[in-house]
There are 2 protein chains.
Amino acid sequence: MIVENLNKISTHINWVEYKHLWKQLNVPAKTILLKEGEMSKRAYWIEKGCLRLWFNNNGKDITFQFFFENEGVSSIESFSKNIPSPFYLESIEPSVLHYILKKDFEMLMEKIPDFKNIIFEATLERQIYYMEQFLSLIKDKPKERYLKLLKEKPHIIQRIPQHYIASYLGITSVSLSRIRNKI
Amino acid sequence: MIVENLNKISTHINWVEYKHLWKQLNVPAKTILLKEGEMSKRAYWIEKGCLRLWFNNNGKDITFQFFFENEGVSSIESFSKNIPSPFYLESIEPSVLHYILKKDFEMLMEKIPDFKNIIFEATLERQIYYMEQFLSLIKDKPKERYLKLLKEKPHIIQRIPQHYIASYLGITSVSLSRIRNKI
DNA sequence: TAAATTTATTAACAATTGTTATCGTATAGC
DNA sequence: GCTATACGATAACAATTGTTAATAAATTTA
């Protein structure tokens, strides 16, 4: 389950009561938090730093999502369906994380209707996000996608290495470098 | 809200009790059920036929989703957020549809926990579907996407006009014709 | 049935992207 | 500080896709 903003949650439910379920974890850059093929047992919340979700496609890394401060993340398929994660989760910068165990997460889902409602909303938001990504890929050219990213999410351009952004845009790093050169 | 399978719902809740909320609607091919810019007031369930969701991109139609028998559909953004639909919903074949009004749908969501749970599950499924579409677009070439469609969803290839499939794959109809020629 | 429209194929050329390789710079680890 | 690695730019060429146009077949409409 991907939780967009836990601050949002904290305004709705008695957050402090369940604070003890969250453990802090400090990691350096390039730390793998979840491997492809592993069972996801934790959901993370990012206090500081950034993470990426990626997978191996015929020997080439493809990064398809970035996460920053105040965002939550886990491999949604693995976490919600109890199957091995098809993706890697890895830190890009040194990061300060907080995690909750799957069983505790599920307990909150069951016992606190407001928590479930907020997760429902977050799931809907995420669905729309993925739909927009999908739509952008079938209607926009790579150059347009890059310019849109630059305009709408400049923090990604600023903080993320370019070759990760290239795979996120669906092109090679060489092609992205050419696009940047033309602008 | 997109409901994948209302039969699934009917096995969980007292379906017959709410049957009167659904109205039948028979439409010929190429009937527009929801226009871009309109408010979505209905959720449809397809008994027979097929529909497509599409939008206009600089004068060119882009179809991004198809729906067939036993599937439910509406413009998710418009229906759940109460904003004008960014998409057109249109029949491809002559179709037998059943629809429920937004207010009745919301009533079911509120009053029947099982209904809400199933919609939650359907939303999660749909999220994974959009994520997979997104991933396929950044990792696979058009030819691979066409072959995958042919293998996994042959009914789409069989029933849908080719130029709609081309835009769904993110390419022109000319390019799709070339790809087919090579196979 | 005839005419109009829609749909799919193909060709020629332009534009874009992929592939492979080289190079210089920046960064991280020892 | 030094070395190894990572990162990004660029070049040359191949492969793919887009664009425009012409054509033929299929389907719809009158």
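Order of the sequence lines sets the chain letters (A, B, ...), proteins ahead of strands, with each chain counted from 1. Fair warning: this is a prediction, and the values are worked out from it, not measured in the lab. No hydrogens, no waters, no symmetry mates; every other heavy atom, side chains included, goes into these values.
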Sort me out a list of protein N/O and nucleotides 23-29 of chain D N/O pairs below 3.5 Å, or just none if empty.
none

Using a 4.0 Å heavy-atom cut-off to protein, can you give one letter per nucleotide of nucleotides 18-30 of chain C, 5' to 3': B if the base is in contact, S if only the sugar-phosphate is, - if neither? BBB----------

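A/Ile32 belongs to a hydrophobic cluster with A/Trp54, A/Tyr88, counting contacts under 4.5 Å between side-chain heavy atoms of Ile, Leu, Val, Met, Phe, Trp and Tyr, direct or through other members. Side-chain contacts under 4.5 Å among hydrophobic residues (ILVMFWY), followed directly or transitively, place B/Val174 with no other residue at all.
Partners of B/Lys48 according to the salt bridge (Lys or Arg N to Asp or Glu O under 4.0 Å) rule, which considers only residues two or more places apart in sequence or in another chain, are B/Glu69. Remark: B/Phe66 pairs with B/Tyr168 by the ring pair (Phe, Tyr, Trp, His ring centres under 6.0 Å) rule, at least two apart or across chains. Every residue was checked against the salt bridge (Lys or Arg N to Asp or Glu O under 4.0 Å) condition with B/Lys116, not counting sequence neighbours, and none meets it. Every residue was checked against the side chain to side chain donor-acceptor pair (under 3.5 Å) condition with A/Asn56, not counting sequence neighbours, and none meets it.
Sorted by first and then second residue, the pairs that involve residues 88-103 of chain B and meet salt bridge (Lys or Arg N to Asp or Glu O under 4.0 Å), not counting sequence neighbours, are B/Arg52-B/Glu90, B/Glu93-B/Arg159, B/Lys102-B/Glu106. Among residue pairs with one or both ends in residues 162-174 of chain A, none qualify as salt bridge (Lys or Arg N to Asp or Glu O under 4.0 Å); sequence neighbours excluded.
Within a heavy-atom distance below 4.0 Å of DNA chain D, the residues of residues 146-167 of chain A found are A/Pro161, A/Gln162, A/His163.
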Under 3.5 Å, which donor-acceptor pairs link side chains of residues 175-183 of chain B to any protein atom two or more places apart or in another chain?
from: B/Arg180; atom 1: NE; to: B/Gln162; atom 2: OE1; distance (Å): 3.1
from: B/Arg180; atom 1: NH1; to: B/Tyr146; atom 2: OH; distance (Å): 3.1

